Peer 1: 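Below you'll find the structure I mean.
The model shown is predicted, which means the values in this text are computed figures rather than measured ones.
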There are 2 protein chains.
Amino acid sequence: MDRERLKGHLDLLLLAVLEDEPAHGYVVITRLRERSDGGFDLPEGTIYPALHRLERAGLLVSDWVEHAGRRRRAYALTAAGHRELAAERASWTRFARGVIAVTGATA
Amino acid sequence: MDRERLKGHLDLLLLAVLEDEPAHGYVVITRLRERSDGGFDLPEGTIYPALHRLERAGLLVSDWVEHAGRRRRAYALTAAGHRELAAERASWTRFARGVIAVTGATA
DNA sequence: ATCCATACCTAGTAACGCTAGGCATCGTAT
DNA sequence: ATACGATGCCTAGCGTTACTAGGTATGGAT
């Protein structure tokens, strides 16, 4: 999976992964890897700054949780986050259909 | 269409548009706009540097053509360009399936 | 004791597509 | 005649992004 492809799509992935149940950064990485069957195996240096960016943008809220002696920062979608996720999914669909129409590639 | 989404996918679009019949930059822009039903309406500042990059990479060859008093630079795929296009299409499919699997979005 | 998994963070980097400007020709409408 | 839009090319610099590479720390297993 060429990493340059990910640019502009990461927010959609993160919001989708956090949609149903909140999670902390480490689990976000795991979920992405599992749900994509290994396709998205993203480094921490990608995930943590992105989560911070989404929180600054008001799409996520975080709170610190103590668990088995380790501190975790759990993220959840705000109302704006849910709206943004819907918009991102629609934007993705337009984009993907465009690529398919132009290139004849399949999804 | 969020422009940031395009990053990493432009090469695929350009190679696909030039696959069957060579064209010059201006026509590439037109074809992208038409085939995507207006979704990809890309500025010259995106297209021309990208074509130069692909030529430097050995995926395209160009030659200057005189037409109705205007000079045009026509681009065509090299053998390496055709191979790269096939690889890009496969890469796109993996990527798209990953996004769909993670987000539940549709193409 | 050592190592790996867990769990967080950030400064700096490379690559990308885009903005904004430039130059030139042709056809058409004023 | 001339102004303007469409055609047709180019590039320096910009903003955003995901990543590299480094750091800190705890818990469990060997």
Peer 1: So R72(A), base contact, sugar-phosphate only, or nothing? Heavy-atom distance under 4.0 Å.
Peer 2: sugar-phosphate

Peer 1: When all nucleic acid strands are considered with a 4.0 Å heavy-atom cut-off, which category describes R5(A): base, sugar-phosphate, or nothing?
Peer 2: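 R5(A): no heavy atom of the nucleic acid under 4.0 Å.
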
Peer 1: From C-beta outward on R70(B), which listed nucleotide comes closest to its side chain: dA5(C), dA6(D), dT10(C)?
Peer 2: dA6(D)

Peer 1: Let me know, please, whether L6(B) or T30(A) comes out on the 5' side of the other along DNA chain C by nearest nucleotide.
Peer 2: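 Taking each residue's closest nucleotide, the earlier one in sequence belongs to T30(A).
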
Peer 1: Enumerate donor-acceptor pairs with a distance under 3.5 Å from any side-chain N or O in residues 91-99 of chain A to protein atoms, sequence neighbours excluded.
Peer 2:
unit_1, atom_1, unit_2, atom_2, d
S91(A), OG, R5(B), NH1, 2.7
T93(A), OG1, R89(A), O, 3.1
T93(A), OG1, T106(B), O, 2.8
R97(A), NE, A107(B), O, 2.6

Peer 1: Taking R72(B) for the side chain and H24(B) for the main chain, is one N or O donor matched with an acceptor at less than 3.5 Å?
Peer 2: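 No: the side chain of R72(B) does not pair with the backbone of H24(B).
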
Peer 1: Using a cut-off of less than 4.0 Å, is there contact between a side-chain N or O of R73(B) and OP1 or OP2 of dC10(D)?
Peer 2: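 It does, given that an N or O in the side chain of R73(B) lies less than 4.0 Å from OP1 or OP2 of dC10(D).
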
Peer 1: Under 30°, 30 to 60°, or over 60°: which ring-plane class applies to H9(A) and H9(B), parallel, tilted or perpendicular?
Peer 2: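 Rings of H9(A) and H9(B): perpendicular, over 60°.
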
Peer 1: OP1 or OP2 of dC10(D) sitting under 4.0 Å from any side-chain N/O of Y48(B)?
Peer 2: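 Answer no for this pair, as no side-chain N or O of Y48(B) is under 4.0 Å from OP1 or OP2.
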
Peer 1: DNA chain D: G69(A) or E4(A), which has the more 5' nearest nucleotide?
Peer 2: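 The answer here is E4(A).
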
Peer 1: Less than 4.0 angstrom between a side-chain N/O of H52(B) and OP1 or OP2 of dT11(D), yes or no?
Peer 2: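 So the side-chain polar atoms of H52(B) do come within 4.0 Å of the phosphate oxygens OP1 or OP2 of dT11(D), strictly under.
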
Peer 1: Does a side-chain N or O from R3(A) land closer than 4.0 Å to OP1 or OP2 of dA15(C), or not?
Peer 2: no

Peer 1: By nearest atom, which of the nucleotides dC18(C), dT6(C), dC9(D) is closest to the W64(B) side chain?
Peer 2: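 Of the candidates, dC9(D) comes closest.
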
Peer 1: Assuming nearest nucleotide by heavy-atom distance, tell me which of V27(B) and T46(B) is located more 5' along DNA chain D.
Peer 2: V27(B)

Peer 1: Check this for me: does the side-chain of K7(A) come within 3.5 Å of the base of dT16(D) through a donor and an acceptor?
Peer 2: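 Check fails, no donor-acceptor contact within cut-off.
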
Peer 1: Touch check for A50(B), heavy atoms < 4.0 angstrom, all strands: base, sugar-phosphate only, or nothing?
Peer 2: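 No contact at all - A50(B) keeps every heavy atom at 4.0 Å or more from the nucleic acid.
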
Peer 1: Under a 4.5 Å cut-off applied to non-hydrogen side-chain atoms, are L59(B) and L14(B) in contact?
Peer 2: no

Peer 1: What about E44(A), does its side chain sit under 3.5 Å from the base of dC8(C) through a donor-acceptor pair?
Peer 2: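 Check passes, donor-acceptor contact within cut-off.
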
Peer 1: Expressed in angstrom and rounded to an integer, what is the separation of H24(B) atom NE2 from dA6(D) atom P?
Peer 2: 16 Å

Peer 1: Answer yes or no: does a side-chain N or O of R71(B) lie under 4.0 Å from OP1 or OP2 of dT7(D)?
Peer 2: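 No, R71(B) has no side-chain N/O under 4.0 Å of OP1/OP2 on dT7(D).
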
Peer 1: Take atom CG in D37(A); do more than 12 heavy atoms of anything else shown fall under 6.0 Å from it?
Peer 2: no

